[in-house]
Amino acid sequence: MSSEAGAIKLFFREAIARAVREEMAADARVIVLGQDVGAFGGAYKEFHGLYDQFGASRVRDTPVAEAAMVGLGVGAAAAGYRPIVSITYMDFLMLGLDPLVNYAAKARFKTGGQVTAPVVVKTTAGAKGQGVAHSQCLEAWLMGVAGLVVVAPSNAADAYGLMKSALRHDGPVVFVDHKRLFPTAGEVPLAQTFTPIGQAVIRRPGEHVTIATHGYMVRVAGEAADRLAKAGVSCEIVDLRTLAPLDVATVAGSVARTRALVTLEEGQLACGVGAEVAFRVQEQVGAVRIARVGALPAPVSSNPVLEAAAIPDAARVMDAVRRVLDA
Amino acid sequence: MSSEAGAIKLFFREAIARAVREEMAADARVIVLGQDVGAFGGAYKEFHGLYDQFGASRVRDTPVAEAAMVGLGVGAAAAGYRPIVSITYMDFLMLGLDPLVNYAAKARFKTGGQVTAPVVVKTTAGAKGQGVAHSQCLEAWLMGVAGLVVVAPSNAADAYGLMKSALRHDGPVVFVDHKRLFPTAGEVPLAQTFTPIGQAVIRRPGEHVTIATHGYMVRVAGEAADRLAKAGVSCEIVDLRTLAPLDVATVAGSVARTRALVTLEEGQLACGVGAEVAFRVQEQVGAVRIARVGALPAPVSSNPVLEAAAIPDAARVMDAVRRVLDA
Amino acid sequence: MDRLAALKAMLLIRRFEVALDARPDHGFQLYSSGEEAVAVGVCAALEPGDQLLCSGRSIGPALARGIDPRLVMAELLGKAAGPSGGKGGRGHLAKPDQGFFGAHAVVAGNISIAAGAALAAQLEAKGGLVVCIFGDGACGAGALHETLNIAALWRLPLLLVCDNNGLSVSTPREAALAPAKLSDLAAPFGVTAATVDGMDVEAVHAQATEFAARARSGGGPAFLECLSQRFFSHSTATRETRSAETMRRVLDRCPIRLYADRLRLNGQLGDDDLTRIEREVDDLVAGAMAFADASPYPDPAEALRDVV
Amino acid sequence: MDRLAALKAMLLIRRFEVALDARPDHGFQLYSSGEEAVAVGVCAALEPGDQLLCSGRSIGPALARGIDPRLVMAELLGKAAGPSGGKGGRGHLAKPDQGFFGAHAVVAGNISIAAGAALAAQLEAKGGLVVCIFGDGACGAGALHETLNIAALWRLPLLLVCDNNGLSVSTPREAALAPAKLSDLAAPFGVTAATVDGMDVEAVHAQATEFAARARSGGGPAFLECLSQRFFSHSTATRETRSAETMRRVLDRCPIRLYADRLRLNGQLGDDDLTRIEREVDDLVAGAMAFADASPYPDPAEALRDVV
Ligand SMILES: Cc1ncc(C[n+]2csc(CCOP(=O)(O)OP(=O)(O)O)c2C)c(N)n1
Ligand SMILES: Cc1ncc(C[n+]2csc(CCOP(=O)(O)OP(=O)(O)O)c2C)c(N)n1
Ligand SMILES: [Mg+2]
Ligand SMILES: [Mg+2]
């Protein structure tokens, strides 16, 4: 595959490793903590090479102890370091919510600005055959925590650019990737670049309906849009990229033109990303036709039939688009 | 104070204790686990008398170990018991989310109905001078967990009736009360009654706007409604009572008449209760004027000035009502 | 313990996994091969009314507990005939009505849940015991501490079994856990503990039996560390990190062969016995596979059933 | 340790709390009275570059660390002149630029955070030490286990101090914690530990100094249990559960009086000294109160500042 000028094709996992590598090289305070992040290179090889380059002191294998892992990261951050804590699956982040939410997200506020905790918690959401306790998307929880930044790249370039921005942000950031993204590849600029936190992007321009989504679901939206295009329906896809703070303006700008919105997320709908996007967009542009797409209100089984039934696919997105356009 | 016929005035905490007492008497499988729930009777005396009546085997003081407390409750529930686990403040429920969400909420599904986990996690939300890590309202997180029932009484009668229903439900229930409710009193039927799970109630009929809220904020809504009534604005207050499953029909029925909705919660707005209520109501009744009221997007300080600034009061509810009515 | 039954139980686990591994449609799996003696030795100490919980590495424990291999195979292959209708699948096998409370794929996530089940058993006062098998990796988690403390205070009938295969994915136990012996973790709480050779089914069984009797009679919880070896990589989706030479050494000490050799030496196993056992096991495995193959996948509508 | 300074530091905590308690506008408070020797003995072993973390029972630790009583009083009364602008308040005091990383009101919530700060200190390699003071109640939490393990593996410069006042709200330590001594909890991890009389400021100081020196020189973490007594109920909003007779016995053993008596006996404290110390302390407390009173409450707009 040939690459654009000034760009290089990287796997998603390579894009993360590159961002971390550059930031570790630039700032000795950046360290990595996580299970099997050392010589093993991470569950998805997303830390590959860092251990060899920076050594065991800055790339640290931890025990299976998510609560302490986050606590250590948060504490080291509050003491001036910039740790990345790798929590393999987002389901296990529950174990570390106390230090993240009760301490890190509040540290700056409660100390009147004396303490900030620039920790990056990197974790993997979504379903890929791993069953009820390894498939959850809990981004929406974090969006409701004041003090947290939440980013969720959908491709290699943003994985790279958002990780770099996250590692420079002066407060806690949760970096949410997705199991199905790791084997994907994409163009990443050769030059160092930073994807700005808090900026959504129009991934595909369109006229009839806006699909607001993030992470792996951007690809599902793209598939739906491709198929709908053949039927003459033109979808504009907004990739939220940052979930907190939410870039309402970009979505609202799109919806102001299309007057129809489908929100798409892999997680649960109730109190989900889509609920928030829908509300805030309508605050800006008034009532428009809206549908939400998300997981069925049920756990996600590892069973191939049931997993496929539970999580959104292009067909369900297409249905939702047709629903709002028929409304 | 005289009581209605067939009713008795009870403090909120007494209503809880009565419900638990009756259920413990009716079913030997009901047990209580929590910090200082024994001879001390609970942080708000809401377990007062149970230890004396049922003894140390069924009313168990635990160490400060929220993760294991929930785990034990969930495990005992899965093995056929009906434990109440008291988690003093909802902020600490984070520590117990793994057993609650990753196991209990999924147990029935993942075992194809072989296992159910009828645990009641009783916890206290909200601000009352206790600061950033003791004031949070995290109900919305739980609404996004398939398999969980979430109830949130606003008065003594429902505290009683919902606790009784929760203790008879065949799956995990989170019972969310509020610090400011404990010193309130209200009429509770003398006869044993069960507040049905999943039924909201119109707490105050009105014509111009629907205020959908829950827990302590029902009282704040009432205060706003009283003051607005003097200005000729008639508010209908829907007390959600159960947050999952949400009784959309009752709210939508009200909004179908008033054509205006204010959602009110003490917690964060982002991906909050109001976002969900707003979306689902509009799915039923079409676009209406809506405003959300919730905490400022910031931690809640114990500082009296800052706490008051952060959480909703009657004045902010009144503003929101005026906003939707002027829109 | 019936020696030939124990040998057969171990062989069943091994051959079951070989057969499963040959299936291209198994998704991915975590195998118990190499660790058969732990599951079989422990389960031989259990009675019908007891409950067993285990981690996501659950094939050994499920089969050792006596769950019908047909049901286990169907569940692992996601078929409707599995005890959970194929909804739990790998990492979440369960058959509580036969004393297999179930697997749970969150590391250390079932330790406090097991204690809760033990609390129920204690309250029921029928002498029931709860056993929880977890890996060395789980010993770094706070759940163990919280549970040991409460189980000790309340004298719960709980047997905590650490199947210490020396690895958590790629991380050697020494790099993840400070204690000299993992059974030392029980000492501060006054919980009785022992470390045994987890490749020796009789050693496991003897110690488990002693602890089980103690717990049943009100003596409180116990902690049993079994030193074992993982024969495959962490999961079929995980790259092996041990060198070929290490793997040779690991595979060289097979708990099944060790036991068969010992029994043969003691005159407790004849060639006929072994042939018969192998045939029975092969029949069971073939039957399991046929059963699973005959079962359909669940109806997609199951995705919304048994939720609340 | 400067003996008179230690005596004065303890007295400052006591009288500061008496003055605070007299304020109807203090909201509610958790007092350190009775436990002064723990905070003062530990802090006397610290150097300026070290960091101290503590639980919500934080007045003693904050003052013992040398934070200006005026700042502490202002913060506790919610005034803008507090180091956190009155936003942290009780349970969340902090002044990290003076080595007081801060209080955190989640029980056991700061243990792993302290280890993170210790990791930073280790990486910085300037010999800095991190100390975390927590209660006996925190010892039931898994955070302690996870942190002890990692701190031991990584040899973090971390001193864990358990201020064991024998109670978690109403729950006696014996009812909540199985270990005979809480310092036993460190043993499995090979973490050095000791239990000392927490009413004896010199005993606390001596042991803390030894552990601190060890940790500073790469010897790794240590666990220090100090047996203390709480002189008041859990908080000013919590009912006392101890009997009048128990309270008499508790109050009878005052760490300040004990120390003053010993110093007097040894000829290290004259009547003049004590009078002077008392006067200085009273001046400090009066000054603190005046300072706090002179400060306004924060602007309500602060509710939205310093969030992200
Ligand atoms: C809380 C949690 N963290 C991380 C994981 C990912 N994970 C799955 S198995 C495993 C290794 C556990 O090692 P061990 O407990 O020794 O069990 P073994 O795999 O050796 O049987 C890990 C880290 C998980 N499932 N749960
Ligand atoms: C995680 C958590 N659970 C419960 C509480 C409520 N709580 C506040 S202080 C306290 C007692 C703690 O006892 P101990 O650690 O001995 O400290 P002490 O109050 O005796 O100083 C409890 C249970 C809390 N703050 N955090
Ligand atoms: Mg292992
Ligand atoms: Mg205490």
Side-chain angles (χ1 to χ4, degrees), chain A residues 28-31 33 56-58 60-83 85 95-96 98-117 119 145-149 169-173 197-198 244-245, chain D residues 51 53 75 80 82-89 91-97 100-106 108-125 128 130 132 141-151 153-154 156 158 298 302-308:
Chain A
R29 297 170 306 159
V30 177
I31 59 174
L33 308 177
S57 164
R58 290 182 65 195
R60 292 183 177 238
D61 278 338
T62 65
V64 186
E66 282 78 5
M69 289 162 63
V70 176
L72 263 106
V74 161
Y81 276 73
R82 293 187 165 268
V85 179
L95 293 156
D98 171 53
L100 181 67
V101 175
N102 286 330
Y103 185 84
K106 293 162 177 65
R108 184 169 176 179
F109 178 86
K110 80 170 186 172
T111 63
Q114 294 182 91
V115 172
T116 55
V119 65
V145 178
L148 287 185
V149 163
H169 178 69
D170 284 330
V173 178
I197 286 172
Chain D
Q51 285 290 357
L53 290 83
E75 188 67 34
S84 304
K87 298 170 86 161
H92 299 280
L93 294 172
K95 191 89 175 71
D97 63 356
F100 185 55
F101 209 81
H104 187 50
V106 178
N110 47 12
I111 298 179
S112 63
I113 290 166
L119 173 59
Q122 184 184 60
L123 290 167
E124 245 154 23
V130 174
C132 184
L144 183 61
H145 172 104
E146 296 188 358
T147 305
L148 277 168
N149 182 46
I150 296 175
L153 283 171
W154 296 356
L156 297 180
L158 177 67
E302 278 298 328
L304 278 170
R305 286 200 198 113
D306 281 324
V307 174
V308 189

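Throughout, protein chains are lettered first and strands after them, A, B, ... in sequence-line order, and every chain is numbered starting at 1.
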Side chain, backbone, both or neither: which part of [X] has an atom under 4.5 Å from a heavy atom of chain A?
X: D/Ala117; answer: both
X: D/Val307; answer: both
X: D/Leu123; answer: both
X: D/Ala141; answer: neither
X: D/Ala303; answer: backbone

From [X] atom [atom1] to [Y] atom [atom2], the distance as rounded to the nearest 0.5 Å:
X: D/Glu302; Y: A/Phe109; atom1: CD; atom2: CZ; value: 8.0 Å
X: A/Glu66; Y: D/Glu146; atom1: CD; atom2: CD; value: 8.0 Å
X: D/Leu156; Y: A/Leu72; atom1: CG; atom2: CG; value: 7.0 Å
X: D/Leu119; Y: A/Ile31; atom1: CG; atom2: CD1; value: 4.5 Å
X: A/Arg29; Y: D/Glu124; atom1: CZ; atom2: CD; value: 9.5 Å
X: A/Lys106; Y: D/Lys87; atom1: NZ; atom2: NZ; value: 13.5 Å

Under 4.5 Å from a heavy atom of chain D, the part of [X] involved:
X: A/Tyr81; value: side chain
X: A/Val70; value: neither
X: A/Leu33; value: side chain
X: A/Asn102; value: both

Hey, are the side chains of [X] and [Y] touching, using non-hydrogen atoms and a 4.5 Å cut-off?
X: D/Ser84; Y: A/Lys110; answer: no
X: D/Phe101; Y: A/Thr111; answer: no
X: A/Pro63; Y: D/Leu153; answer: yes

When A/Gly147, A/Ala105, A/Gly171 are compared by non-hydrogen pairs under 4.5 Å with chain D, the top option
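Greatest number of close heavy-atom pairs with chain D: A/Gly147.
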Could you tell me which of [options] has the largest number of non-hydrogen atom pairs under 4.5 Å with chain A?
options: D/Asn110, D/Val130, D/Val308; result: D/Val308
options: D/Pro83, D/Gly85, D/Ala143, D/Gly109; result: D/Pro83
options: D/Lys95, D/Gln122, D/Gln51; result: D/Lys95

Ignoring hydrogens, what is the shortest heavy-atom contact between D/Ser112 and A/Ala67? Give both atom names and the distance.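 Shortest heavy-atom separation between D/Ser112 and A/Ala67 comes out as OG-O, 4.1 Å.
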>> Applying ring-ring contact (aromatic ring centres under 6.0 Å, His included), can you list everything that pairs with D/Phe100, at least two apart in sequence or on another chain?
In response: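 For D/Phe100, no residue satisfies ring-ring contact (aromatic ring centres under 6.0 Å, His included) once neighbours in sequence are set aside.
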